[in-house]
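Take a look at the structure set out below.
We name chains A, B, ... by the order of the sequence lines, and we start the count at 1 in each one.
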Protein chains: 2
Amino acid sequence: MPVSSPFRKIGGYSYQMVTVPARRKRATIHDVAVEAGVSRGTVSRVVNDEPYVSAQARTAIEAAIEKVGYVPNNAARNLVMQRSQAVGFVVHEPHSLFLDDPNIGGILLGANTVLSRADYQMVSLVIDSQRDTDRVARYLSGGFVDGVIIVSARHEDPMIRVVEKLALPAAFVGHPPDLRRLPFVGIDNRRSARLITERLMQTGRERIGMIAAALDRDSGADRLAGFTDALGSRFDPNLVARVPLYTYSDGAEGMRALLAREPDLDGVFAASDAVAAGALEALRDAGRSVPGDIGVVGFDDSSWALRTQPHLSTVHQPAFGLGAAAAECVLGQLRGEDQPADGILLETPIVWRDSA
Amino acid sequence: MPVSSPFRKIGGYSYQMVTVPARRKRATIHDVAVEAGVSRGTVSRVVNDEPYVSAQARTAIEAAIEKVGYVPNNAARNLVMQRSQAVGFVVHEPHSLFLDDPNIGGILLGANTVLSRADYQMVSLVIDSQRDTDRVARYLSGGFVDGVIIVSARHEDPMIRVVEKLALPAAFVGHPPDLRRLPFVGIDNRRSARLITERLMQTGRERIGMIAAALDRDSGADRLAGFTDALGSRFDPNLVARVPLYTYSDGAEGMRALLAREPDLDGVFAASDAVAAGALEALRDAGRSVPGDIGVVGFDDSSWALRTQPHLSTVHQPAFGLGAAAAECVLGQLRGEDQPADGILLETPIVWRDSA
DNA sequence: CCCCGAACTGTGCACGTTCACAGAGTCGTC
DNA sequence: GACGACTCTGTGAACGTGCACAGTTCGGGG
């Protein structure tokens, strides 16, 4: 006969215990059932908050759960339910930019908050190289996640096709033009850019230029389009400097180029706060005062905006809200609800500070 | 008799198919076995790269895997293996600081890189309130993760006791004093602070002050101790301003207090780059030139350091390396290897730029 | 020729859960 | 008093995998 373990009730099982196991085994639903004197099924109903359980059974089971310290085994549950209770968070961005871009942190936090409240876990996947793309694609098709949030996808991003093919519930943050009918959340870059440029005009600026960045991304192209919208017939292509990235150094360079071409500039719309910060440096070097000689506005309302001297007037980008909305969108699909086909656009209030 | 599906071979199973399932089911190890004409066991051996498989069987199975598009089911594997193949990444930091502190992003990235290379997934858990502490504690005890990385734990952090009680493989980034013998990775804050203060002295600064922050954390207290070490008998407590947080605004405030008390200061060690950036603003407002009138050094070598004017001389904190080392430490424990009992300290080179 | 070990393969069970179904009891209604 | 509706409970069958174990084949040595 098996000797009963000193610290653990075995119940109906017929384990032959030779030595006491080193690590105490976790209590299962079966242990709870034995402890409470009911069957597995009834325990399961209590755990999952289903009806058809007597008050008496419920109390007994709740006490038993407490006593044996039962926590449901996720692997078993996922196996039988055919789901993983996890959502992937894919960031397609080189490591360096991941650190530098304050929006990504906010998006991550917003998504994480919503997901964990719904008892989903968030698995972060960073794509830095082509090798990573394959790894992530394999991961997504491996059933490790029930859905996916994809941040900063590019034009022709392979992730788009992967997600389409797998028919995986997904939400993109931002919308590359070839997204077709996949759900996304974002902001109206074009409209926001138009509005802040208009306010710059309303403060009496006459010759307004723009430092346009990242024109290979929808955000970059849309911000330029909004700038053009605002100026209308007064638009002059000579007043636009084009730089590759949303960075401080590209901002400084763009500003220098613009000043060389158009010395009588009295207003600048920088495509992001980092770009604006770089522009401010170039202006300081050139001996121009801000906002005295020239007004500068940025975009994002990131931590850059308060680190510059003077503080930046800018468009507030709701990073946390974007992440939260993307998570809600995926959760909605998981619940089988219909999603708005055209994506969700969040509000972008304009923050007026000292730089213009 | 069941009608065979048009697109999927059923094999030896006796499924009664009434309608074609809406979502194509994933291929299982059984499907591969049937396709290759072998048993499940042999397929399992191939998948897990075990010996005792004939070359012929191996080729057939590999072809079959390719053909049916087999990907191992993680839930089933986890269930039978009694593990989750996931590691938790716990950040005990309010949301605001999570965004502001550039180190956390680097640590996250380093940990994520190492873990995903080892085919572990990383689950991020952010603790912002007491409610979150309970949620995370419950999560960790739920067997969702095989190990955990804990960032910025405080003195008497409840996570310490939770991890101890669960005997969960863990690595702390930074070491609260009551950590006892739990493994950690970190930097030698005290020594680094001493070294950079000494270099400030070597450049001829006579009256050197410090803006000390976050003295409730080991990092904050150690940086002050290192500063004291460097000055030795020349240490004057009046030259230390104490502020609560590693932030820009606290830095500005600390600098103003210091200037009011000691107008003839010619050197300042700020407890972090953000603090230094704030100090720079206060100095600009007071009309002091940096590094002309006064030398300023920071700590972290974060993105702040290159955003200030002039660029900051500072201590490089290897954030990515810390995350990577913490992940390696957890993976090592998972492999059953012994870990260094005293924790791991990473190098912190001093970066000399323009501010001192 | 027999035996033994090595190389290889197949099979049953266990992991812990949910779900469909069957069965038991209670109550009200025709 | 039979019957249906409703409430509650227990049971067996999956879910897809790894592992221990039991076979089978093959080759070499005594």
* Asked: Got a sec? Which of residues 64-72 of chain A come in under 4.0 Å of DNA chain D, heavy atoms?
  -> none

* Asked: Do other residues, nucleotides or ligands put more than 12 heavy atoms under 6.0 Å from E66(A) CD?
  -> no

* **Within 6.0 angstrom of Q56(B) CD, more than 12 heavy atoms from elsewhere** => no

* Structure fact -> In V330(A), L140(A), V87(A), the residue satisfying side chain to side chain contact (heavy atoms under 4.5 Å, CB included) with V145(A) is L140(A)

Spacing of [X] atom [atom1] relative to [N] atom [atom2], expressed in whole Å:
X      : N       : atom1 : atom2 : answer
Q85(A) : dT17(C) : CD    : C1'   : 14 Å
R26(B) : dT17(D) : CZ    : P     : 8 Å
Q82(A) : dT17(C) : CD    : P     : 17 Å
R45(A) : dC21(C) : CZ    : C1'   : 11 Å
R83(A) : dT17(C) : CZ    : C1'   : 10 Å
D31(B) : dC15(D) : CG    : P     : 11 Å
M81(A) : dG16(C) : CE    : P     : 18 Å
I29(A) : dT11(D) : CD1   : P     : 14 Å

Looking at the side chain of [X], which of [options] is the nearest nucleotide?
X      : options                   : answer
T42(B) : dT18(C), dT17(D), dT9(C)  : dT9(C)
L79(A) : dT9(C), dG16(D), dC19(C)  : dG16(D)
Y52(A) : dC19(D), dC15(D), dT7(D)  : dT7(D)
V80(A) : dA14(D), dG16(D), dG10(C) : dA14(D)
A76(A) : dT9(D), dG16(C), dG10(C)  : dG16(C)

* Check: R40(A) side chain, dG12(D) base, donor-acceptor under 3.5 Å -> yes

* Give a yes or no answer on whether the side chain of N48(B) reaches the backbone of E50(B) with a donor-acceptor pair at less than 3.5 Å. => no

* Can you find a side chain N or O atom of T28(A) that sits less than 4.0 Å from OP1 or OP2 on dG16(C)? -> no

* Asked: So, is S54(A) near the phosphate of dT9(D), with a side-chain N or O under 4.0 Å from OP1 or OP2?
  -> yes

Mind checking if [X] touches a base, just sugar-phosphate, or nothing, with heavy atoms under 4.0 Å?
X      : value
A57(B) : sugar-phosphate
E50(B) : sugar-phosphate
V47(B) : nothing
N48(B) : sugar-phosphate
N78(B) : nothing

* **Distance in Å, H92(B) NE2 paired with I104(B) CD1, rounded so as to fall on 0.5 Å steps** => 11.0 Å

* Asked: Can you check whether V163(B) reaches I150(B) side chain to side chain, under 4.5 Å on heavy atoms?
  -> yes

* Structure fact -> Comparing nearest nucleotides in DNA chain C, the 5'-proximal residue of the pair V38(B), S44(A) is V38(B)

* Asked: Is a side-chain donor-acceptor pair under 3.5 Å present for S84(B) with N78(B)?
  -> no

* To do: Taking all heavy atoms of R26(B) and all of D31(B), pick out the closest pair and write down the distance.
  => O-OD2, 4.2 Å

